[in-house]
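Everything numeric here is computed off the predicted structure, so don't read it as measured data.
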Amino acid sequence: MDPVMCMTDQVKNTCRNAMSAIRKIGQIRHYLDKDTTAKLINAFVTTRLDFCNPLLFGIPEYQLAKLQRVQNIAARLLSGVPRREHITPILRQLHWLPIKYRILFKILMITYKSTQGMAPTFISQLLTEYRPIRPLRSSSEHFLDASTKSHTQFYGGRSFRIVAANEWNRLPREIRFASSTNILTSKLKTFLFHECYS
């Protein structure tokens, strides 16, 4: 980690390793069908882009753009469309969330597991359920306490405690009350998919 939490080295290493995998897959792409190519990209590219990605929440846009560029190249390799084609319809057709939303998806999954007692204690202890002083309708809405304030201007607002509570509280009620991880995964991905592509 760098002193100002721009995650420069992590982004650089992730992009380098993912691009190396893309080049190797590209060398044999004409021997592969689409399903096999998708499996290879998921195993050797997507997993690298997703590794520890909650740490990347709030990094500078130029850093996110580097990761997004890698995902775009992978999408073009899989779909076989030329570089001049606009990338957003391709990502949408592949049902791929952009990097920014993949980061958010992972944070919200960890948040859900924390509220259900399925996360490590050191993570669960960072979150507390919202309990108003007086009985309010919102007290039964499964909100998290978002009253914690950042003490540093640049990266304090990126802490899990703050980000998780704020992002969780804006989710629709049906997602916050999901009865299982599988249901949450499906509903959350649909919600984020519509949010980024609508």
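Side-chain atoms of Thr185 and Asn182 form no donor-acceptor pair, as typed in the model, at a separation below 3.5 Å. For the residue pair Lys24 and Gln27, no side-chain donor N or O sits within less than 3.5 Å of a side-chain acceptor on the partner. When only modelled atom types and interatomic distance are considered, Asn13 and Arg16 share a side-chain donor-acceptor pair under 3.5 Å. For the residue pair Thr8 and Gln63, a side-chain donor N or O sits within less than 3.5 Å of a side-chain acceptor on the partner.
Here the CZ-CG distance, from Phe191 to Leu104, works out to 8.5 Å after rounding to the nearest 0.5 Å. Rounded to the nearest 0.5 angstrom, Arg176 CZ and Leu108 CG are separated by 11.5 Å. Note that the CZ atom of Arg84 and the CZ atom of Arg76 stand 10.5 Å from one another [nearest 0.5 Å]. Here the OG1-CG distance, from Thr111 to Leu144, works out to 7.0 Å after rounding to the nearest 0.5 Å. Leu77 contributes atom CG, which lies 12.0 Å from atom CZ of Arg23 (distance to the nearest 0.5 angstrom). Summarising the geometry, atom CD1 belonging to Ile59 is positioned 8.0 Å from atom CD belonging to Gln10; distances are rounded to the nearest 0.5 Å.
At a threshold of 4.5 Å between non-hydrogen side-chain atoms, the residues Cys15 and Lys12 do not count as touching. At a threshold of 4.5 Å between non-hydrogen side-chain atoms, the residues Leu64 and Ile103 count as touching. Contact check for Ile41 versus Trp96: side-chain heavy atoms found under the 4.5 Å cut-off. The shortest side-chain heavy-atom distance between Arg48 and Phe44 falls under the 4.5 Å cut-off. Within the 4.5 Å cutoff, the side chain of Arg173 has no heavy atoms near those of the His142 side chain. By the 4.5 Å heavy-atom criterion applied to side chains, Arg102 and Leu49 are not counted as neighbours. With a 4.5 Å cut-off on side-chain heavy atoms, Leu188 and Leu192 count as touching.
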- Task: Would you sort out whether Phe51 and Thr14 count as a side-chain contact (heavy atoms from CB on, under 4.5 Å), showing the intermediate values?
- Result: CA-CA 9 Å; Phe51 180 69; Thr14 297; over 6 Å; no

- Step-by-step side-chain contact (heavy atoms from CB on, under 4.5 Å) determination, Glu129 to Asp145: CA-CA 5 Å; Glu129 189 172 355; Asp145 185 359; over 6 Å; no

- Message: Run Leu67 and Leu56 through side-chain contact (heavy atoms from CB on, under 4.5 Å) and show every step you take.
- Response: CA-CA 10 Å; Leu67 296 167; Leu56 303 178; 3.6 Å; yes

- Task: Begin with the C-alpha distance, continue with both residues' side-chain angles, and end with the deciding distance and a verdict on side chain to side chain donor-acceptor pair (under 3.5 Å) for Asn17 and Ser20.
- Result: CA-CA 5 Å; Asn17 293 332; Ser20 176; over 6 Å; no

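Put simply, Tyr62 and Ile73 are part of two different groups of oily side chains (I, L, V, M, F, W, Y) that touch within less than 4.5 Å, one to the next. Taken together through direct or relayed side-chain contacts under 4.5 Å among Ile, Leu, Val, Met, Phe, Trp and Tyr, Tyr197 and Ile175 form part of one hydrophobic cluster. Met109 and Ile183 are assigned to two separate hydrophobic clusters, defined by single-linkage of ILVMFWY side chains at heavy-atom distances under 4.5 Å.
Thr36 places no side-chain N or O within 3.5 Å of a backbone atom of Leu32 that could act as its donor or acceptor partner. Formation of a donor-acceptor pair under 3.5 Å by the Gln71 side chain with backbone atoms of Leu97 is found in this model.
Under a cutoff of 6.0 Å and an axis angle of 45°, Arg29 and Tyr31 do not form a cation-pi pair.
When all heavy atoms of Ile22 and Val45 are compared, the pair lying nearest together is CG1-CG2, 3.6 Å. Between Leu78 and Ala38 the shortest heavy-atom distance is CD1-N, 3.6 Å. Residues Arg158 and Leu55 come closest through the heavy atom pair NH2-O, 3.6 Å. The two residues Phe160 and Ile123 come nearest to each other via the heavy atoms CE2-CG2, 3.7 Å. The two residues Leu127 and Ser114 have their closest heavy-atom pair at CD1-CB, 3.8 Å. Of all heavy-atom pairs spanning Ala178 and Tyr112, the tightest one is O-OH, 3.0 Å.
Classification of Asp50 and Lys106 as a salt-bridged pair fails, no side-chain N sitting under 4.0 Å from a carboxylate O. A salt bridge links Arg170 with Glu195: at least one charged nitrogen is closer than 4.0 Å to a carboxylate oxygen.
Heavy atoms of other residues, nucleotides or ligands lying less than 6.0 angstrom from CD of Gln93 number 12 at most.
The aromatic rings of Phe193 and His95 sit parallel, their planes meeting at an angle under 30°, below the 60° perpendicular limit.
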